[in-house]
Every structure is written in structure tokens, then in C-alpha cells.
Amino acid sequence: MVVPSFVSTFANPSMSASVSSPSVSSLQNDATRDVADRSAMLLSPLLDQPFIVGPGFSPVPAKLVAQIVAGKYIDLSDLLAVNLVQREQEPQLLFNGRLVLTSQPKKQRRRIEDIASWMEAFAIFSLILVSHFPNRWKDLMQYQLLILRTYRHFSGRVWLAYDQAFREHAAASRLTDWSSMNVQLFNFHSAGSSARGTPLVTSNDSPEPPGSSASVIHCKSWKKGRCTALFASCLYSHRCSVCSGVHRAIPCPNQSVKARSDESKRRSRSPSASRSSFRPKAHRS
């Protein structure tokens, strides 16, 4: 058989090409669907059953697990071990021989009031999320470090107020990356709070951030001895709230002068002062 010169000897037969390429693509599509179906079959039952935390902890109810995975806001105190135990109800054998779930008296739930209980609850919260979304481990750990840093820096419960506000915002906006600080929420809840254990400035401390000249809100922590802003500059004014001076002494040294001035103004405007200043002239006979 003589092949014409214009026919390429390296061309694949048309029949084999048309048959082989659809078969390969169809096999790849079938394999992809098979993997997706298996993944869905493995993950879907996890939302319908309690989450097993580990030894020493009660399982987290399936309803609570579904809320966490869906990105809804939850009260972290619901994940404390003592509160999870209180959710359980044990069957009791009655005289009729039937097992009935009896309602037990409600006990007072434990609230998160210290950093240790928050760490316990947030660890369980992170385990549930990471088990469904493995790529979330990094931003959750970074968020945990931010809360710990806030707890160590500020006195009071700034860390707890910011955590609740941030998680409410994350649930409303469907935020799935918690690695970045919400500056607006952080400044709102930390304004006026004093630093933990460092009320005064010493020569070995880091330089204090300057105040804002455009703000009409006075920085309370600066008045108490040191500005606790975590940024290069404070968003609030570093001036006296009484005389607008650059000092932070409590009480204000000009407060007595201002008080005397205000008192004299009030006296001059009082009705008794106006009556005493006006005296009718006596008529001469």
C-alpha cells in the first residue's frame, strides 16, 4: 500500500481518537463524582451526631455542632464541661417497667469569667470547626493569641467584651478569617481601660504613643498615668478634660480657679445679686 505524500504518517486514526478521548474524560468525571460523593457521605453524618471531644469531656450536642459549623454565634459557656454535663438526662426505671426520661431540676449555668474557662471553651470550639474546615486552624490560633495578649495588657474584661463583639460581628458578616484584628471594635472596648500592672511610665518602658490633636474625646488611661493604646498613636486626645492643658494631674491644678470663676458667674446671674445691686432712692420732702 502506497501512502500519498500529502497524508501525515504520524496522524492518529480518526475512529480511535473519537472513541478514546470521551472514554478518558468520562472516566475522570466519574472518578471525581465518586470522590465527591464519598466525601459528602463521610462529612454529612457528623452534623447529625454529637462531637466527641475526648477523655474527661462530655460530647457536644449535635444541635450545637451544627450551629458552630454553620457560622452562627453561640455562647462559649455552652461548651464548658460542667455545662455539657448538665445537659444530659439519665433514664429512670419506673414501677411500670418502662424507661422514661425525667426532667431534672435546672442548675445554675457556669459563666465565662476568667481566661482559663474561656481557653477551655474556645479550644472545644476550634476542634469542632477544624474537624470540618482544616484550613481554619491558623486563623483560629492567631485569634486566640490576640485574646491572650489583650488579657495580659489590659485590666478588667476588655478581652471578654471584644471576644463577644467580634464573634457576633463574624457571625453577622459570615467572616471566615479571624486572623486580623477589628480595629474599630477593639478601640471601642479598650478605650478608657488601664494597663495591667503598669500604671506609671518608667525610663525602661517603651515610648508612650502620642495622642490625637483632632479628637474631642479624652483618653482616660492617659489621665490615669499611661496611655494603653496598642498602636503607634492613640486615637483620643491627651489633654486635660477640665482646662484642655497638656498635663494629666488629678485633680486638675486649674480646677480651683475655674470653679471660682464659675461660682462668681453664677452669683452675678442670681436674682438675689440683682436685687441687692438695685436700691430705690429715698424721696426728699
Side-chain angles (χ1 to χ4, degrees), residues 39-40 42-54 57-84 87 109-193 196 217 221 228-232 234-236:
S39 301
L42 292 175
L43 291 178
S44 57
L46 295 177
L47 298 177
D48 299 331
Q49 52 185 278
F51 181 82
I52 308 300
V53 179
F57 293 89
S58 299
V60 181
K63 182 179 180 180
L64 195 55
V65 173
Q67 292 176 350
I68 294 174
V69 175
K72 297 181 179 180
Y73 174 81
I74 67 161
D75 188 352
L76 283 183
S77 60
D78 292 339
L79 298 176
L80 294 176
V82 62
N83 294 335
L84 290 175
R87 288 173 173 264
R109 297 175 67 255
R110 180 183 173 185
R111 308 294 300 178
I112 294 180
E113 298 179 349
D114 55 89
I115 194 65
S117 58
W118 183 89
M119 288 287 295
E120 174 188 336
F122 191 77
I124 298 176
F125 177 86
S126 301
L127 282 174
I128 296 174
L129 265 184
V130 172
S131 65
H132 290 82
F133 309 104
N135 61 328
R136 290 293 311 274
W137 71 268
K138 185 176 181 179
D139 69 279
L140 290 174
M141 292 301 100
Q142 289 175 333
Y143 177 77
Q144 177 179 300
L145 291 175
L146 172 63
I147 297 299
L148 285 175
R149 181 186 177 188
T150 307
Y151 164 76
R152 292 171 179 169
H153 189 81
F154 292 101
S155 60
R157 296 182 181 176
V158 177
W159 58 275
L160 184 59
Y162 173 78
D163 169 65
Q164 294 175 352
F166 180 88
R167 289 188 296 106
E168 288 177 355
H169 171 75
S173 60
R174 298 184 179 275
L175 183 65
T176 57
D177 187 358
W178 294 9
S179 59
S180 300
M181 175 195 297
N182 189 311
V183 179
Q184 185 177 6
L185 290 177
F186 191 88
N187 288 336
F188 177 81
H189 290 284
S190 62
S193 299
R196 185 186 298 272
I217 304 176
S221 61
T228 57
L230 296 180
F231 307 99
C234 181
L235 298 179
Y236 307 102

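Model, not experiment: these values are computed from the prediction.
Rounded to the nearest 0.5 angstrom, L160 CG and I115 CD1 are separated by 8.5 Å. Note that CG of N187 and CE of M181 are 8.0 Å apart. Values are rounded to the nearest 0.5 Å. Separation of atoms CD (Q164) and CH2 (W118) is listed at 11.5 Å; rounding is to 0.5 Å. Here CD1 of I68 is found 5.5 Å from CZ of F125. Values are rounded to the nearest 0.5 Å. The line from CD1 of I124 to OG of S126 is 10.0 Å long, rounded to the nearest 0.5 Å. For the atom pair L146 CG and Y151 OH, the distance stands at 15.5 Å (nearest 0.5 Å).
Under the 3.5 Å distance criterion, the side-chain polar atoms of Y162 are left unmatched by any main-chain donor or acceptor of T150. Within the 3.5 Å criterion, the main-chain N or O of I74 finds no donor-acceptor partner in the side chain of Q67. N83 places no side-chain N or O within 3.5 Å of a backbone atom of R109 that could act as its donor or acceptor partner. For the pair R110 (side chain) and L80 (backbone), a donor-acceptor distance under 3.5 Å is absent.
Side-chain atoms of Y143 and D163 form a donor-acceptor pair, as typed in the model, at a separation below 3.5 Å.
Using a 4.5 Å heavy-atom cutoff, the side chains of F122 and L140 are in contact.
For the pair R167 and W178, the NZ or CZ position fails the cation-pi test of under 6.0 Å to the six-membered ring centre and within 45 degrees of the ring normal.
The residues R111 and D75 are annotated as salt-bridged, a charged nitrogen and a carboxylate oxygen being separated by less than 4.0 angstrom.
Residues P50 and P59 come closest through the heavy atom pair CB-CB, 3.8 Å.
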